[in-house]
Undergrad: 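The structure's right below; bear with me while I get my questions together.
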Amino acid sequence: MPREARRRDRLVGLFVLGLVLFNPPILWLFSGASLFGWPRLFVYLFCVWTALTVMVARTVERKRLIRGD
């Protein structure tokens with residue numbers, strides 16, 4: 001499978017993962033109590049958003065790292 005196709009598949013997979021992680025039933029699991037004085041929902045949203053952003057950046061930038069641009 002060519003690199004471009006693998007990268008596209010990874011990005012589609014990350015998009016679907018984001019849809020699942022930001023779905024209301026999953027978000028309801030984290031509503032309620034607090035963690036370190038912050039609402040758990042806010043902590044969850046920030047952590048998931050950060051992790052997805054890092055994974056997308058690594059997927060997109062991997063081509064530049066391999067080619068050396």
Side-chain angles (χ1 to χ4, degrees):
M1 183 179 286
R3 283 187 193 151
E4 291 297 322
R6 277 187 290 186
R7 184 168 51 142
R8 185 186 65 237
D9 291 345
R10 285 184 183 133
L11 290 173
V12 169
L14 288 172
F15 175 76
V16 171
L17 178 64
L19 286 178
V20 170
L21 292 175
F22 289 120
N23 235 346
I26 301 295
L27 295 177
W28 290 332
L29 294 174
F30 295 95
S31 64
S34 64
L35 183 66
F36 304 117
W38 290 74
R40 279 191 325 180
L41 180 61
F42 290 165
V43 173
Y44 171 77
L45 288 173
F46 181 74
C47 290
V48 168
W49 173 73
T50 302
L52 284 173
T53 303
V54 168
M55 288 187 281
V56 167
R58 287 188 55 155
T59 301
V60 170
E61 293 296 324
R62 182 171 292 169
K63 180 180 178 183
R64 289 186 185 161
L65 292 174
I66 291 171
R67 287 191 334 182
D69 289 344

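Computed from a predicted structure; not experimentally measured.
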Undergrad: Treating Ile, Leu, Val, Met, Phe, Trp and Tyr as nodes and any side-chain heavy-atom pair under 4.5 angstrom as an edge, say whether Val48 and Ile26 lie in one connected cluster.
TA: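 Per the 4.5 Å side-chain linkage, Val48 and Ile26 are co-clustered.
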Undergrad: Evaluate the side-chain proximity of Leu52 to Phe22: yes if any heavy-atom separation is below 4.5 Å, no if none is.
TA: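 A side-chain contact exists here, since the closest heavy-atom pair is under 4.5 Å.
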Undergrad: Report whether Trp49 and Leu27 are members of the same hydrophobic cluster (ILVMFWY, side-chain heavy atoms less than 4.5 Å apart, transitive linking).
TA: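 Cluster IDs for Trp49 and Leu27 match.
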Undergrad: Identify the two heavy atoms, one from Arg7 and one from Thr59, that lie closest to each other, and give their separation to 0.1 Å.
TA: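 Heavy atoms only, the tightest pair is CD-O, 3.4 Å.
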Undergrad: Rounded at 0.5 Å granularity, tell me how far OG1 in Thr53 sits from CZ in Arg58.
TA: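 Thr53 OG1 to Arg58 CZ: 14.0 Å, rounded to 0.5 Å.
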Undergrad: Side chains of residues 35-47: which donor-acceptor partners sit under 3.5 Å, not counting sequence neighbours?
TA:
{"from": "Arg40", "atom 1": "NH2", "to": "Leu29", "atom 2": "O", "distance (Å)": "3.4"}
{"from": "Tyr44", "atom 1": "OH", "to": "Leu21", "atom 2": "O", "distance (Å)": "2.7"}

